[in-house]
Number of protein chains: 2
Amino acid sequence: MAKPATKLSEQVRRGELYTVDCPSRGVLKHVTSLWGVLVLITLRSGTHRFSDLRRKAKGVSEKMLAQTLQGLEADGFVDRKSHPVVPPHVEYSLTPLGREASSQVESLVDWIEANLYQVMQARQRKQEI
Amino acid sequence: MAKPATKLSEQVRRGELYTVDCPSRGVLKHVTSLWGVLVLITLRSGTHRFSDLRRKAKGVSEKMLAQTLQGLEADGFVDRKSHPVVPPHVEYSLTPLGREASSQVESLVDWIEANLYQVMQARQRKQEI
DNA sequence: TTCGACACTTACCTTTTTGTGCGTACTTCC
DNA sequence: GGAAGTACGCACAAAAAGGTAAGTGTCGAA
């Protein structure tokens, strides 16, 4: 029933982000894309519906949000619960794995926001030259 | 001499990553782009020359590496020292700010690599359905 | 009764990103 | 004496990402 995981174990090579086809690169992309970050952080405060997320992450299009959500779902970071009622009702929440991931990206984002002033100053200095 | 920082202070609004034009989004992009990550992590082990970086970050083109480096330099994360000798000699290293940033992204990357197996399993489960 | 909300999907088009190849000015290695 | 290495910049092409608009089916509100 369960597929033999031979290929899987080959693909998982720790510490090889440097190699071209390391699957970590894909996960990194999902997790750190702008919309990925926003979704992950937003879901920390609890379950959200599609349109809630859309309203909170200003500027995201429906297409991008759907795509982002699907990526994060496939990676096992978000859980999608669809209630088959007539006006569709779908709820998104973080899985345990997703909660870990989101705390990582949150701390990165917090650092960026805390140090944003310094970065902006550095940028200005460059412009002056 | 120093420019008045009026505009700067306006631009720095903490906790507003959700808004469309928050400058944090740009920093996030620089820091979490694949090549940005690789450069930041590689430079943790010390100063590197352009072609050293190119060799270590497998798959990066010269153009992309140059672009990445310029972005990180502008943000104040890397320091560029050019020795005006005849075969060009340029050294890149992390600034103190860059060292902080790189430790953030390193912990994110470490988490991803440590949990990669679980992610791959989640992906496989999706495929089976 | 027409409109908007819901959670998407699809097709099409534009924008952005990235790759490729070339040129540079000079040195060292073979 | 030809090739390779150095750290890029530039022009063009290819690829990927993203935006826009429309359609789905049913309900409740105006």
Side-chain angles (χ1 to χ4, degrees), chain A residues 18-23 25-39 42-43 47-75 78-93 126 129, chain B residues 18-23 25-39 42-43 47-75 78-93 126 129:
Chain A
Y18 286 108
T19 64
V20 176
D21 54 353
C22 178
R25 290 189 177 183
V27 180
L28 184 70
K29 212 169 189 178
H30 286 165
V31 166
T32 64
S33 76
L34 178 55
W35 308 128
V37 168
L38 255 27
V39 166
T42 303
L43 288 182
T47 297
H48 282 69
R49 299 182 59 173
F50 186 88
S51 43
D52 291 337
L53 290 170
R54 182 149 155 62
R55 272 184 290 267
K56 288 204 181 177
K58 309 249 169 75
V60 70
S61 65
E62 296 196 342
K63 181 182 151 189
M64 274 300 101
L65 182 55
Q67 215 171 96
T68 302
L69 252 7
Q70 283 162 10
L72 294 175
E73 196 198 348
D75 286 353
V78 321
D79 188 35
R80 187 190 118 107
K81 270 204 182 60
S82 171
H83 306 271
V85 291
V86 171
H89 187 107
V90 183
E91 295 189 334
Y92 292 94
S93 57
K126 293 280 155 187
I129 300 168
Chain B
Y18 285 107
T19 64
V20 176
D21 55 351
C22 177
R25 290 190 176 180
V27 180
L28 184 70
K29 210 170 190 179
H30 286 164
V31 166
T32 63
S33 76
L34 179 55
W35 307 128
V37 168
L38 255 28
V39 166
T42 303
L43 288 182
T47 297
H48 282 70
R49 300 181 59 174
F50 186 89
S51 43
D52 292 337
L53 290 169
R54 179 149 156 64
R55 271 183 291 267
K56 288 203 180 179
K58 308 248 169 75
V60 71
S61 65
E62 297 195 342
K63 182 182 150 189
M64 275 298 101
L65 182 56
Q67 215 170 94
T68 302
L69 252 6
Q70 283 163 9
L72 294 175
E73 196 199 348
D75 287 352
V78 319
D79 188 36
R80 186 190 118 108
K81 272 208 178 58
S82 170
H83 305 271
V85 293
V86 172
H89 187 108
V90 183
E91 296 188 334
Y92 292 95
S93 56
K126 293 281 156 186
I129 300 169

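Below, chains carry the letters A, B, ... as their sequence lines are ordered, and counting in each starts from 1.
Looking at every heavy atom in both residues, A:V60 comes nearest to A:M64 through CG2-CB, 3.9 Å. Shown here for A:T32 and A:L28, the closest heavy-atom pair between the two residues is OG1-O, 2.7 Å. A:L43 approaches A:S93 most closely through the heavy-atom pair CD1-C, 4.2 Å.
No donor-acceptor pair under 3.5 Å is formed between the side chain of B:R80 and the backbone N or O of B:Q70.
Between the CE atom of B:M64 and the P atom of D:dA15 there is a distance of 16 Å, given to the nearest Å.
OP1 or OP2 of C:dT9 has not a single side-chain nitrogen or oxygen of A:Q67 nearer than 4.0 Å. Between A:R49 and C:dA7 there is a side-chain polar atom (N or O) within less than 4.0 angstrom of OP1 or OP2. Close to C:dC6, at under 4.0 Å from its OP1 or OP2, lies a side-chain N or O of A:R55. Close to D:dG5, at under 4.0 Å from its OP1 or OP2, lies no side-chain N or O of B:R54.
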Checklist outcome for this item: B/S/- along nucleotides 20-30 of chain D (protein heavy atoms under 4.0 Å) is B----BSS---
Next on the checklist: Walk me through whether B:L53 and B:L69 qualify under side-chain contact (heavy atoms from CB on, under 4.5 Å).
Outcome noted: CA-CA 10 Å; B:L53 290 169; B:L69 252 6; 4.1 Å; yes
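No side-chain heavy atom of B:T47 sits less than 4.5 Å from a side-chain heavy atom of B:D79. Between A:Y92 and A:V78, some side-chain heavy-atom pair lies under the 4.5 Å cut-off.
Within residues 26-37 of chain A, no residue has any heavy atom closer than 4.0 Å to DNA chain C.
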